[in-house]
Amino acid sequence: MWRRSFSSAAGSAAVLKNQKWDALVIGGGHNGLTAAAYLARGGLSVAVLERRHVLGGAAVTEELIPGFKFSRCSYLQSLLRPSVIKELELARHGLKLLKRNPSSFTPCLDGRYLLLGPNKDLNYSEISKFSKRDADAYPRYEAQLERFCKFMDLLLDSPTPEILHDISSLKHRLGDKLKNSAFWAKCLRSALSLGQKDMVDFMDLLFSPSSKVLNNWFEGDVLKATLATDAIIGTVASVHTPGSGYVLLHHVMGETDGDRGIWSYVEGGMGSVSMAISNAAKEAGAHIITNAEVSELMVEDSGRVKGVRLADGTCVQASTVLSNATPYKTFMELMPPDILPDEFLRAIKHVDYRSATTKINLAVDKIPHFPCCKLSPAEAEHQLVGTIHIGAESMEEIDLACQDASNGLPSRRPIIEMTIPSILDRTISPPGKHVINLFIQYTPYKPSDGSWEDSVYRESFAQRCFALIDEYAPQFSSSVIGYDMLTPPDLEREIGLTGGNIFHGAMGLDSLFLLRPVKGWSNYRSPVKGLYLCGSGAHPGGGVMGAPGRNAANLVLQDLNGQLK
């Protein structure tokens with residue numbers, strides 16, 4: 001079903017070659033599609049060139065086992081910006097969000113469990129089983145994070161106040177300074193509205209290890225470990241890594257239908273997000289072409305981009321090119337040699353693209369049964385609609401798993417986030433059967449004790465994960481019909497994520513805002529005139545957010561309208 005709404009390269013070669021496009025977008029991931037939608041709505045002729053047979057990049061649905069539709073990479077929605085949902089009318093284009101309540105379930109080997117969600121009474125009751133003090137503190141913790149998220153909204157929805165390069169016009173230099181001054185003034189007003197205490201706490205969250213932040217708030221190991229998983233997802237960091245608190249904030253700054261911090265499933269899988277955006281783009285006039293791999297950017301002698309060359313040799317002309325590929329792919333692999341400044345290339349090369357993430361998508365014949373629930377499988381379904389935290393009952397366990405990877409070994413006891421979207425979404429699995437997602441930390445890109453290319457080694461690690469789940473949900477392994485496994489090299493090869501990094505580059509404090517992707521080039525432009533980044537490697541970063549695509553497209557429209565030359 002995912003192939004029929006767009007064209008393949010073979011049927012579109014004439015369309016591509018017979019005109020000069022206003023804009024080309026490299027990559028049909030959600031950010032590239034978002035950029036295309038805004039550019040087409042702005043009146044430009046736009047073509048999206050996707051390497052794979054299916055749209056979505058990491059936000060994709062694929063039926064790899066008959067009857068079971070997997071969200072192969074990303075698996076939950078919350079970060080997609082409300083402005084993108086509203087402006088592109090994504091609900092009208094097929095986006096349907098399925099809220100999860102409760103949102104989190106942490107089983108314990110001693111027979112206890114912790115259930116969390118949007119219901120404040122439930123949270124108080126559940127946390128009180130472990131600590132009355134923590135139950136009292138938790139609403140204050142959530143309220144503080146919500147205040148911080150409101151402060152972050154301004155940063156997410158705006159380009160960075162970057163100093164522009166090569167602007168000779170006094171009018172444009174003054175205009176740029178006024179615009180940046182207005183941005184900083186808004187930030188100052190937001191900071192003042194927070195107050196000094198909250199600003200100090202905000203800085204503490206940004207710079208401190210997540211373990212320090214959580215230890216200052218809570219005493220219970222299970223609650224701290226449950227919250228700490230948000231701080232390490234998709235990273236190679238430990239809970240004791242300074243700055244890991246920011247990723248914790250990144251994972252609670254989203255919303256669903258206006259409800260802050262609520263993560264949802266998407267009916268039809270995460271590919272439905274990409275399909276809704278592509279529908280909006282096509283309605284606005286964008287052309288979307290699959291099986292169209294870009295092999296090289298074409299650059300004029302003057303240093304301005306003039307289009308792309310496809311892997312089949314087709315040359316596609318364009319005045320502007322936006323790349324939804326990673327910064328490394330864009331500038332180190334697609335760019336011809338001797339075009340970019342050496343300093344810029346060195347910075348791009350040394351962006352942190354490391355990954356310790358593996359995703360396993362499973363088809364199972366029954367819901368896992370967790371004895372700690374003391375409920376029948378049918379009755380327990382309600383408790384399992386959220387994220388199920390396996391193998392992380394304390395922050396020390398998370399750190400031990402991270403230490404294994406630091407020593408070159410896949411974690412002996414991996415940290416697993418399990419989700420079962422088919423409980424709420426009946427469109428992705430056959431009746432009575434289910435789809436399960438396992439998001440797993442920590443798995444080095446190049447293990448020191450084997451290779452991910454070795455099928456026996458891969459199977460051994462998968463069975464290690466299944467055996468760990470068996471400790472909490474006996475006989476889980478026997479329910480597995482089949483599975484799809486993406487290690488860091490697989491994520492790089494299949495999805496195009498350099499190093500397997502799901503964020504297109506680390507989300508540390510040295511790689512955010514004015515430093516993303518590299519210092520001096522944070523505003524989507526590049527040293528090559530007419531070439532822009534529009535993917536997660538640009539501000540504000542990773543996650544199914546749409547903000548990089550929207551911000552980059554709006555900047556392109558501004559540039560083409562002559563406000564900045």
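Below, each value reflects all heavy atoms present in this structure, side chains not excepted, and no hydrogens, waters or symmetry copies. Position 1 is the first residue of the sequence, and the numbers go up from there.
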Q | Pair S411-D404, side chain to side chain donor-acceptor pair (under 3.5 Å): steps then yes or no | A | CA-CA 5 Å; S411 300; D404 286 341; 4.8 Å; no
Q: Before giving the answer on side chain to side chain contact (heavy atoms under 4.5 Å, CB included), spell out for L205 and L145 the whole-Å C-alpha distance, their side-chain angles and the decisive distance to 0.1 Å.
A: CA-CA 10 Å; L205 178 73; L145 289 186; 4.1 Å; yes
Q: For side chain to side chain donor-acceptor pair (under 3.5 Å), just list the numbers for D22 and S45, CA-CA rounded to whole Å, side-chain angles, deciding distance to a tenth of an Å, and then say yes or no.
A: CA-CA 5 Å; D22 293 326; S45 61; 3.2 Å; yes
Q) Which is it for R72 and M270 under the side chain to side chain contact (heavy atoms under 4.5 Å, CB included) test, yes or no, and what are the steps along the way? A) CA-CA 8 Å; R72 285 194 81 189; M270 288 301 289; over 6 Å; no
Q: For N324 and I26, run side chain to side chain contact (heavy atoms under 4.5 Å, CB included): C-alpha distance rounded to whole Å, both residues' side-chain angles, the deciding distance at 0.1 Å, then the answer.
A: CA-CA 6 Å; N324 188 36; I26 301 173; 5.9 Å; no
Q | Stepwise side chain to side chain contact (heavy atoms under 4.5 Å, CB included) test for E417 and L438 | A | CA-CA 6 Å; E417 287 204 350; L438 303 181; over 6 Å; no
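The main-chain N or O of S244 is never found under 3.5 Å from a side-chain atom of S210 such that the two would form a donor-acceptor pair. With hydrogens and angles ignored, the 3.5 Å screen pairs no side-chain donor or acceptor of T34 with any backbone N or O of G549. Judged by distance alone, the side chain of Q144 and the main-chain N or O of Y141 form no donor-acceptor pair under 3.5 Å. The backbone N or O of A58 sits less than 3.5 Å from a side-chain atom of S74, completing a donor-acceptor pair. Under the 3.5 Å distance criterion, the side-chain polar atoms of D204 are left unmatched by any main-chain donor or acceptor of V200. No donor-acceptor distance shorter than 3.5 angstrom exists from the side chain of H504 to the backbone of G541, with no hydrogens or angles considered. Listed for the S181 side chain is a donor-acceptor partner under 3.5 Å among the backbone atoms of K177. No donor-acceptor distance shorter than 3.5 angstrom exists from the side chain of N501 to the backbone of S355, with no hydrogens or angles considered.
Taking the six-membered ring where the residue is Trp, Y524 and H539 present tilted rings, their angle falling between 30° and 60°. The aromatic rings of Y138 and F218 sit tilted, their planes meeting at an angle between 30° and 60°. The aromatic rings of F202 and F148 are tilted relative to each other, their planes meeting at an angle between 30° and 60°.
Nearest heavy-atom pair, A228 versus V239, reported as atom, atom and distance to 0.1 Å: CB-CG1, 3.8 Å. Closest approach of L533 and A538 over heavy atoms only: CB-CB, 4.2 Å. Heavy-atom minimum distance, L531 versus V305: N-CG1, 3.9 Å. Annotation for Y328 and Y353: closest pair N-OH, 3.2 Å, computed over non-hydrogen atoms. Between N551 and D157 the shortest heavy-atom distance is OD1-O, 3.4 Å. Between S272 and T61, the shortest heavy-atom distance links the atoms N-OG1, 4.1 Å.
Annotation: ring pair (Phe, Tyr, Trp, His ring centres under 6.0 Å) contacts of Y445 (sequence neighbours excluded): none. Residues satisfying the ring pair (Phe, Tyr, Trp, His ring centres under 6.0 Å) test with H389, not counting sequence neighbours, are none. Partners of F439 under the ring pair (Phe, Tyr, Trp, His ring centres under 6.0 Å) rule, at least two apart in sequence or in another chain, are Y75.
Salt bridge present: K197 and D201 bring a charged side-chain N and a carboxylate O closer than 4.0 Å. In this structure, K359 does not pair ionically with D490, as no charged nitrogen and carboxylate oxygen lie closer than 4.0 Å. Using a 4.0 Å cut-off between charged nitrogen and carboxylate oxygen, E142 and K120 do not count as a salt-bridge pair. Between E162 and R525 no salt bridge is recorded (no basic side-chain N to carboxylate O distance below 4.0 Å).
Checking R100 against T387 by side-chain atom types alone, a donor-acceptor pair falls below 3.5 Å. Side-chain contact check for Q441 and T357: at least one donor-acceptor pair (N or O, by modelled atom type) lies under 3.5 Å. Residues S211 and N215 bring no donor and acceptor atom of their side chains to less than 3.5 Å of each other. Donor-acceptor pairing under 3.5 Å is lacking for the side chains of E283 and N279.
Each of R147, R81, K186 was evaluated against D153; a single residue qualifies, R81, per the salt bridge (charged side-chain N to carboxylate O under 4.0 Å, His left out) test.
Here E255 contributes atom CD and S264 contributes atom OG; the two are 11.0 Å apart, rounded to the nearest 0.5 Å.
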